[in-house]
Amino acid sequence: MRALAVAADQPTLADFGHDVWWIVLLKIVGVFAVLVLMTLFAIVFERKVVARMQQRSGPNRVGPRGSLQSLADGLKLAFKEDIMPALADRPVYFLAPVIAAVPAFLAFSVIPLGPVVSIFGQRTPLQLTDAPIGVLVVLACSAMGVYGIVLAGWASGSTYPLLGGLRSAAQMVSYEIAMGLSIVAVFLYAGSMSTSEIVAAQADGNRLSFFGLEVTGPSWFAILLPVSFVVYVVAVVGETNRAPFDLPEAESELVGGFHTEYTSLKFALFFLAEYINMVTVSALAATLFLGGWRAPWPLSIWDGANSGWWPLLWFFLKVTAALFVFIWLRGTLPRLRYDQFMRFGWKVLVPTALVWILVVATMRTVSREAELSTGEVAVFVGVPIALVVLAGLLIASRTANRDTRLMAEDAAAGGIHATDPEPDVLPPAGPRHRPAQGAGPARAEGGYPVPPMDLTVPPSPRLRRAEPVGAPAGGTPGGSPGGVVSSGRRGSTATRAQEDLDG
């Protein structure tokens, strides 16, 4: 391939799998240390940036200018009381945080951090490993992480964590599809699913001809494939449960979501998994769309910018810029309603990604049949089509929200008073799914969709049912059927209360 010959220190698939054991061990420890340090940095960075947006100081007591605040928070969590809910499924309750955190570490193993370097005399790529399907490894690990959230919600034995886990499962299914579709165009342009080869495909600029004038165009896929980049950015925000898509842990609705019943180090593992996932998807965005570890222009003019250890600096600067976007969204946008969030994923992102794949495939065919360069087709055909698609999405969004926008403008201008009837801006009426008596307007009457108020958590098969003391067979003294769910090692609530009274 043309891209693989751009530099002698550009790693290829043939460079992996030949390292001595201590180099592999050093890389594993290095990746672990980088992720932990990036997590500590991201927490302080987020609190500082949000504080700046809100015109306050943020953390400024622990360490120089508050730089060690996240380390202090981690130590505090380690020494907090570890509480076990009485109705929790103990094995699953303990394993869920581990299941959420381990895939987050594994996904970073195929991210290229730099070129081939010399470590104690051994030539090795700055990447733990790579494979012909390296990007799919990241997607698989991100999909596995949701199992920890779903199991944590169910194993807690509480209603609100269960709702958070179910939301996370539906959210992963919806936005994982959009994220996977968004990078198909990258595979078509790079000709590979290997992360190191995708970086190599963005190494040289594309040669463009304007009326006989030869110029070097951009090579980053974020510029050549803007629709894919936008869809990827939106999808990973939903995939990582970050604001404004943090519905699985919405404090205003679910107390704390799937981790409501978690404390101490188990809660810290969920916290760690969330920020490591942020770092991983930011690193993947830099790899797929922002040239990876290669220096941006005009730094790339310097001959030594893409050799040695300098690429580490460019790579982590790109990752930090992507983390800033996560924080910027949290400090700017309000949380969406769940029906809006799911509608946006299925009715906007997925169709847009599918149409864009067809466009990119057409561009590749035109490039091959007309003997045009990839850059010329991308600039002269792809970019105009991308602008048309984005403009269509903007117009559709403004049309769909026209009534709400006009009402807000009237309210701001004083056109709506307290005595005026409220305009009808609720969702349109649909088929009745539940009676409206005593529960507010139903969905059929234009009400907002709400979860069922009588939701119960399915008991774990390892928990036994214990009859309360003094209850008749088949029911409680009050006449309600069934026993009280309790753990295998503890008595029921009624049993313990009766023992306290007898004592």
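Since this is a predicted model, take the numbers as computed values, not measurements.
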Parallel under 30°, tilted from 30 to 60°, perpendicular over 60°: which one fits the rings of His259 and Phe270?
tilted
For Phe45 and Phe324, take the angle between the two ring planes, folded into 0 to 90°, and tell me which bin it lands in: parallel under 30, tilted 30 to 60, perpendicular over 60.
tilted
Reported [atom1]-to-[atom2] distance for the pair [X] and [Y], which is rounded to 0.5 angstrom:
X      : Y      : atom1 : atom2 : answer
Arg294 : Ser307 : CZ    : OG    : 10.0 Å
Leu354 : Ser182 : CG    : OG    : 11.5 Å
Ile28  : Phe105 : CD1   : CZ    : 13.0 Å
Leu128 : Phe16  : CG    : CZ    : 9.0 Å
Ser67  : Lys48  : OG    : NZ    : 8.5 Å
Met342 : Leu247 : CE    : CG    : 9.0 Å

Please examine the side chains of [Y] and [X], heavy atoms only from C-beta on, and report whether any two atoms are closer than 4.5 Å.
X      : Y      : result
Tyr232 : Val186 : no
Trp154 : Asp89  : yes
Val237 : Tyr175 : no
Phe315 : Leu312 : no
Val138 : Phe108 : no
Lys80  : Phe267 : no
Pro296 : Trp220 : yes
Leu329 : Phe245 : no

Would the Phe289 and Phe229 ring centres measure less than 6.0 Å apart?
yes
Looking at [Y], is its backbone amide N or carbonyl O close enough to the side chain of [X] to form a donor-acceptor pair, meaning the two atoms are under 3.5 Å apart?
X      : Y      : value
Gln340 : Arg337 : yes
Thr195 : Val135 : no
Gln127 : Thr129 : yes
Tyr338 : Arg167 : yes
Gln202 : Thr287 : yes
Thr332 : Trp328 : yes
Ser174 : Gly345 : no

Sequence neighbours left out, what pairs pass side-chain hydrogen bond (donor to acceptor under 3.5 Å, both in side chains) with at least one residue falling in residues 97-112?
none
Which residue pairs pass the side-chain hydrogen bond (donor to acceptor under 3.5 Å, both in side chains) test with at least one member in residues 312-322, sequence neighbours excluded?
none
More than 12 foreign heavy atoms under 6.0 Å from [atom1] of [X]: is that the case here?
X      : atom1 : result
Tyr160 : OH    : no
Arg61  : CZ    : no
Trp302 : CH2   : yes

Salt bridge (Lys or Arg N to Asp or Glu O under 4.0 Å): pairs with one or both residues in residues 258-279, sequence neighbours excluded
Asp82-Lys266, Arg242-Glu274
What pairs with [X] under side-chain contact (heavy atoms from CB on, under 4.5 Å), at least two apart in sequence or on another chain?
X      : answer
Ile43  : Thr39, Arg47, Ser70, Phe271, Tyr275
Met193 : Ile133, Leu136, Phe187
Ala169 : Val150

How close do [X] and [Y] get, counting heavy atoms only, and between which atoms?
X      : Y      : answer
Ala107 : Thr280 : CB-CG2, 3.7 Å
Leu299 : Ala305 : O-CB, 3.3 Å
Val231 : Ala178 : CG1-O, 3.8 Å
Val199 : Gly291 : CG1-O, 3.7 Å
Met53  : Gly331 : SD-CA, 4.1 Å
Pro85  : Ser156 : CB-O, 4.0 Å

Can I get a per-line list of side-chain donor-acceptor pairs under 3.5 Å for residues 110-121, giving both atom names and the distance, sequence neighbours left out?
none

Evaluate the side-chain contact (heavy atoms from CB on, under 4.5 Å) criterion for residues Leu272 and Leu35: first the C-alpha distance (whole Å), next the side-chain angles of each, then the deciding distance (0.1 Å), finally the verdict.
CA-CA 9 Å; Leu272 182 68; Leu35 289 177; over 6 Å; no
Regarding Lys27 and Thr124, do their side chains bring together a donor and an acceptor under 3.5 Å, going by distance alone?
yes
Side-chain donor-acceptor pair under 3.5 Å between Ser194 and Ser196, yes or no?
yes
Is there a side-chain contact (heavy atoms from CB on, under 4.5 Å) between Ser228 and Phe221? Walk through the geometry before answering.
CA-CA 9 Å; Ser228 294; Phe221 290 144; over 6 Å; no
Could you walk me through whether Asn306 and Trp293 pass the side-chain contact (heavy atoms from CB on, under 4.5 Å) check?
CA-CA 8 Å; Asn306 293 321; Trp293 47 264; 4.2 Å; yes
Partners of [X] by side chain to side chain donor-acceptor pair (under 3.5 Å), sequence neighbours excluded?
X      : value
Trp309 : none
Gln171 : Asn241
Arg330 : Glu46
Asp246 : Arg335

side-chain contact (heavy atoms from CB on, under 4.5 Å) between Ile149 and Met172, intermediate numbers included
CA-CA 11 Å; Ile149 296 177; Met172 186 277 296; over 6 Å; no
Not counting sequence neighbours, list each pair that qualifies as a ring-ring contact (aromatic ring centres under 6.0 Å, His included) and has a residue in residues 57-100.
Tyr93-Tyr262
